[in-house]
Undergrad: 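Below you'll find the structure I mean.
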2 protein chains.
Amino acid sequence: MNDKDRRSMPLFAIGIVMKLTELTARQIRYYEEHSLIHPERTTGNQRLFSFNDVDRLLEIKDYLDKGLNIAGIKLLLNEDETKQVSQLKMTESSQISDKELRRILRQELNEPGAHKKANLRQGDLARFFSR
Amino acid sequence: MNDKDRRSMPLFAIGIVMKLTELTARQIRYYEEHSLIHPERTTGNQRLFSFNDVDRLLEIKDYLDKGLNIAGIKLLLNEDETKQVSQLKMTESSQISDKELRRILRQELNEPGAHKKANLRQGDLARFFSR
DNA sequence: ATTATATGTCATGTAACCTAACATGTCAAT
DNA sequence: ATTGACATGTTAGGTTACATGACATATAAT
């Protein structure tokens with residue numbers, strides 16, 4: 001088993017993730033609802049989060065603090081991802097993307113520098129792994 | 001937060017620990033009952049295990065496979081530990097220890113080499129941390 | 001002013017966990 | 001062979017943690 005597997009291993013119940021991320025259950029579920037994360041489920045349908053999921057939630061939190069909205073965060077998160085998103089509705093989603101993108105860029109203009117490197121405090125949890 | 005903290009952080013519900021260790025809930029609770037592990041609890045009294053706990057359970061499993069009994073395992077596990085055990089009943093416990101120790105040694109004589117280095121497969125989980 | 005977004009709160013159902021008790025298989029001592 | 005200790009299985013009844021859905025609300029965008 002390698003790091004990649006370990007990172008994506010479903011381990012944490014939502015209660016733990018709440019403490020690790022200081023997000024409410026409502027928020028976490030909401031972000032899943034909007035496809036920012038995709039935690040696995042137990043056979044009884046309860047969410048099980050991996051280290052990757054938690055890391056991602058920490059990123060989401062950062063971006064929220066910076067004033068980004070869900071749509072914007074989705075774009076940023078999917079940026080460095082070898083997508084997995086359903087590309088079924090590419091046509092209609094691309095027009096949404098454009099619209100949202102403009103909003104983000106506008107926001108970026110109003111608060112310059114916020115986008116830079118996002119101060120990725122990803123790594124808080126990354127330290128659980130080899131460095 | 002350092003590695004030590006991370007390792008002792010209460011994170012896992014018993015269901016996860018069962019999968020990670022391939023032990024039954026009954027076994028895990030039994031080992032706690034006999035003070036081989038000391039998982040924390042939620043405010044609602046549910047067990048929460050740390051990486052250390054899981055590592056320890058894997059060691060316990062190894063020792064059991066080698067034919068050791070709980071008393072023997074306890075001795076071995078406490079060996080490299082800056083104790084934390086209540087030393088209240090030192091007198092009576094020492095006489096128990098002696099008795100058990102004899103049994104263990106007897107067992108050891110019957111299966112030589114089993115004690116060597118115990119093939120410490122601790123590290124299965126250790127890889128979650130820095131190396 | 002209206003709408004959209006993000007989150008809080010409440011109600012209700014179920015999954016996962018808890019302890020306690022009793023049952024069982026294995027082994028060692030009698 | 002019988003007894004007893006050990007480790008684990010199993011069952012029962014109770015509690016905690018998590019599920020979804022609906023409605024409320026504050027803030028921000030239009």
Side-chain angles (χ1 to χ4, degrees), chain A residues 10-37 39-49 53 57 60-75 96 99-107 109-111, chain B residues 10-37 39-49 53 57 60-75 96 99-100 102-111:
Chain A
L11 293 175
F12 308 113
I14 200 170
I16 296 295
V17 176
M18 290 174 62
K19 284 174 193 153
L20 289 175
T21 62
E22 292 180 282
L23 294 168
T24 66
R26 182 71 169 89
Q27 285 177 297
I28 296 170
R29 295 190 186 115
Y30 184 75
Y31 303 151
E32 181 191 21
E33 195 180 346
H34 290 271
S35 302
L36 296 187
I37 49 173
E40 299 205 14
R41 300 284 184 131
T42 66
T43 55
N45 200 37
Q46 300 195 181
R47 270 164 270 254
L48 276 188
F49 300 77
D53 292 325
L57 285 170
I60 292 169
K61 211 184 158 198
D62 267 12
Y63 286 132
L64 282 173
D65 287 347
K66 294 200 191 313
L68 290 198
N69 63 8
I70 301 293
I73 294 171
K74 196 185 303 192
L75 287 178
I96 293 176
K99 183 177 139 199
E100 296 301 342
L101 187 53
R102 260 178 278 123
R103 180 186 307 182
I104 293 163
L105 292 176
R106 196 182 331 119
Q107 212 158 349
L109 290 176
N110 289 342
E111 191 183 3
Chain B
L11 294 174
F12 308 112
I14 200 171
I16 296 296
V17 176
M18 289 174 63
K19 284 173 193 154
L20 289 176
T21 62
E22 293 180 281
L23 293 168
T24 66
R26 182 68 169 92
Q27 286 177 296
I28 295 169
R29 295 188 187 118
Y30 184 75
Y31 303 151
E32 181 191 24
E33 193 179 346
H34 290 271
S35 303
L36 297 187
I37 50 173
E40 298 205 15
R41 301 282 185 134
T42 66
T43 56
N45 199 38
Q46 301 196 179
R47 271 165 270 253
L48 275 188
F49 299 78
D53 292 325
L57 285 171
I60 292 169
K61 211 184 159 200
D62 267 11
Y63 286 134
L64 282 174
D65 287 346
K66 295 202 191 312
L68 289 198
N69 62 11
I70 302 293
I73 294 172
K74 196 187 300 191
L75 287 178
I96 293 175
K99 183 177 136 199
E100 297 300 343
R102 261 179 278 122
R103 182 185 306 183
I104 292 162
L105 291 176
R106 199 181 329 121
Q107 215 160 350
E108 172 71 1
L109 290 178
N110 289 341
E111 192 183 3

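Letters A, B, ... are given to chains in the order of the sequence lines, protein chains preceding strands, and every chain is numbered from 1. Because only heavy atoms are used, hydrogens play no part in the values below, and waters and symmetry mates are left out as well, while side chains stay in.
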Undergrad: Report the distance from atom CD of E22(B) to atom P of dT8(D), rounded to the nearest whole Å.
TA: 15 Å
Undergrad: Could you state the interatomic distance from CD (Q27(A)) to CG (L64(A)), rounded to the nearest 0.5 Å?
TA: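 Result: 7.5 Å between the selected atoms.
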Undergrad: Please give, in whole Å, the distance from dC17(C) C1' to L48(B) CG?
TA: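 In whole Å, dC17(C) C1' and L48(B) CG are 11 Å from each other.
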Undergrad: When you measure from the side chain of K19(A) to the backbone of L11(B), do you find a donor-acceptor pair of N or O atoms at a distance under 3.5 Å?
TA: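 Pair absent, no side-chain N/O of K19(A) close to backbone of L11(B).
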Undergrad: Residues two or more places apart in sequence or in another chain: which of them pass ring pair (Phe, Tyr, Trp, His ring centres under 6.0 Å) with F49(B)?
TA: none
Undergrad: Measure CG/L36(A) against P/dT5(C) and give the value in whole Å, please.
TA: 13 Å
Undergrad: Taking the minimum atom-to-atom distance to the side chain of R26(B), which one of dG9(D), dA22(D), dT5(C) wins?
TA: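 Closest nucleotide among those given: dG9(D).
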Undergrad: Whole Å only: how far is the CD atom of Q27(A) from the P atom of dT25(D)?
TA: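 From Q27(A) CD to dT25(D) P: 19 Å.
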Undergrad: As an exercise, state the distance from OH of Y31(B) to CD1 of I60(B), rounded to the nearest 0.5 Å.
TA: 7.0 Å
Undergrad: Which one, dG8(C), dT8(D), dA6(C), comes nearest to the side chain of T24(A)?
TA: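 Looking only at side-chain atoms, T24(A) lies closest to dG8(C).
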Undergrad: Report the C-alpha distance between T24(B) and R29(B) in whole Å, list the side-chain angles of each, state the deciding distance to 0.1 Å, and finish with yes or no for side-chain contact (heavy atoms from CB on, under 4.5 Å).
TA: CA-CA 9 Å; T24(B) 66; R29(B) 295 188 187 118; over 6 Å; no
Undergrad: Could you give the NZ-to-C1' distance, from K61(B) to dA7(D), as a whole number of Å?
TA: 15 Å
Undergrad: Using a 3.5 Å distance criterion without hydrogens, assess whether the side chain of K61(A) forms a donor-acceptor pair with backbone atoms of T21(A).
TA: yes
Undergrad: Rounded to whole angstrom units, what separation is found between the OH atom of Y31(B) and the C1' atom of dT8(D)?
TA: 8 Å
Undergrad: Over how many whole Å does the gap from N69(B) atom CG to dC27(C) atom C1' extend?
TA: 12 Å
Undergrad: What string of B, S and - do you get for nucleotides 11-18 of chain D 5' to 3' if you count protein non-hydrogen atoms under 4.0 Å?
TA: -----BSS
Undergrad: Can a side chain N or O of R41(A) be found less than 4.0 Å away from OP1 or OP2 on dT20(D)?
TA: yes
Undergrad: Among the candidates dG9(D), dC6(D), dT7(C), find the nucleotide nearest to the side-chain atoms of Y30(B).
TA: dC6(D)
Undergrad: Whole angstrom is fine here: how far is it from CD1 in I28(B) over to P in dG9(D)?
TA: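 Checked: the CD1 to P distance equals 11 Å.
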Undergrad: For M18(A) and L23(A), what are the C-alpha separation, side-chain angles and deciding distance, and is it a side-chain contact (heavy atoms from CB on, under 4.5 Å)?
TA: CA-CA 5 Å; M18(A) 290 174 62; L23(A) 294 168; over 6 Å; no
